[in-house]
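Scroll down for the structure; my scribbles are underneath it.
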Amino acid sequence: MRGEDGDSQPAFRQSAMSKVVGIDLGTTYSAIATLDDRAQPVTLPNRDGEMLTPSAVLLMDDGSTVVGQAALDYAQESPERVATLIKRRMGLDDFGRAVAGRNFRPETLSAIILRKLVQDAEHRLGPISKAVITVPAYFDETRRKATHDAGRIAGLDVLDILDE
């Protein structure tokens with residue numbers, strides 16, 4: 001791709017207003033990355049300083065959510081309040097069991113994880129609105145669409161769904 005001045009540019013140029021991120025929405029752990037000034041990928045740490053965020057969602061009594069290690073820790077005491085292994089249910093009508101007494105679609109739970117990853121990355125990068133999300137190569141179109149929908153629910157413009 002050529003810019004107005006004829007210089008080569010990356011396929012998706014990041015504006016000063018909003019960065020593009022790549023998200024590995026994993027079964028047990030998730031990660032988020034961006035491109036540095038030399039177009040090299042850089043994994044971004046979460047607010048706890050960790051490069052990987054456990055793909056676990058805790059639903060609190062007041063309706064708030066907690067994502068990551070704290071959710072996993074809480075699962076020891078109250079597993080009925082925590083959703084894990086969400087990716088395995090992508091493309092299905094529901095998560096397969098109630099979480100905190102409520103039924104959820106996997107896309108909704110995945111969106112909570114995606115939103116947490118983006119919020120943590122925004123502390124370093126500023127506003128983020130666009131993302132590429134990876135999925136396993138064996139994901140069929142239904143599961144890919146569910147992952148795309150999760151990104152949309154999280155407030156992202158999902159540029160592409162890529163094979164891991």
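A quick note: this is a predicted structure, and the numbers were derived from the prediction, not measured.
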Please name the pair of heavy atoms, one in [X] and one in [Y], separated by the smallest distance, quoted to 0.1 Å.
X    : Y    : value
S110 : L25  : CB-CD2, 3.9 Å
G26  : S55  : O-OG, 2.9 Å
A150 : A111 : O-CB, 3.3 Å
V82  : A71  : CG2-O, 3.5 Å
P54  : L72  : CB-CD1, 3.5 Å
V57  : L109 : CG2-O, 3.8 Å

Is there a donor-acceptor pair under 3.5 Å between the side chain of [X] and the backbone N or O of [Y]?
X    : Y    : result
R105 : D93  : yes
T34  : V20  : yes
K130 : L159 : no
R88  : T27  : no
T142 : G91  : no

Look at the side-chain heavy atoms of Ile, Leu, Val, Met, Phe, Trp and Tyr, link any pair under 4.5 Å apart, and say whether Y29 and I113 land in one connected group. no
Quick check on the hydrophobic clustering: are L114 and V66 connected, directly or via other members, by side-chain heavy-atom contacts under 4.5 Å? no
Would you call R115 and E122 a salt bridge, using N to O less than 4.0 angstrom? yes
For a side-chain contact (heavy atoms from CB on, under 4.5 Å) check, start with the C-alpha distance between F139 and E164, then their side-chain angles and the critical distance, and finish with the verdict. CA-CA 10 Å; F139 262 29; E164 292 174 343; over 6 Å; no
Counting C-beta onward and ignoring hydrogens, is there a side-chain heavy-atom pair between K87 and P136 closer than 4.5 Å? yes
Please round to the nearest 0.5 Å and tell me the distance separating atom [atom1] of [X] and atom [atom2] of [Y].
X    : Y    : atom1 : atom2 : value
F104 : I86  : CZ    : CD1   : 10.0 Å
M90  : H148 : CE    : NE2   : 11.5 Å
E107 : L92  : CD    : CG    : 9.0 Å
T28  : L52  : OG1   : CG    : 8.5 Å
L117 : L156 : CG    : CG    : 9.5 Å
L162 : I133 : CG    : CD1   : 9.5 Å

Identify, with sequence neighbours excluded, every residue that meets side chain to side chain contact (heavy atoms under 4.5 Å, CB included) alongside R81. L58, D61, Y74, S78, A100
Return the set of residues passing salt bridge (charged side-chain N to carboxylate O under 4.0 Å, His left out) with D140 (not counting sequence neighbours), or none when no residue passes. none
Quick check: are there more than 12 heavy atoms from other residues, nucleotides or ligands sitting under 6.0 Å from CZ of R97? yes
Enumerate, atom names and distances included, each donor-acceptor pair closer than 3.5 Å involving a side-chain atom of residues 41-49, sequence neighbours excluded.
{"from": "N46", "atom 1": "OD1", "to": "D48", "atom 2": "N", "distance (Å)": "2.8"}
{"from": "N46", "atom 1": "OD1", "to": "G49", "atom 2": "N", "distance (Å)": "3.2"}
{"from": "N46", "atom 1": "OD1", "to": "E50", "atom 2": "N", "distance (Å)": "3.0"}
{"from": "N46", "atom 1": "ND2", "to": "T53", "atom 2": "OG1", "distance (Å)": "3.0"}
{"from": "R47", "atom 1": "NE", "to": "D120", "atom 2": "OD1", "distance (Å)": "3.1"}
{"from": "R47", "atom 1": "NE", "to": "H123", "atom 2": "NE2", "distance (Å)": "3.0"}
{"from": "R47", "atom 1": "NH2", "to": "H123", "atom 2": "NE2", "distance (Å)": "2.7"}

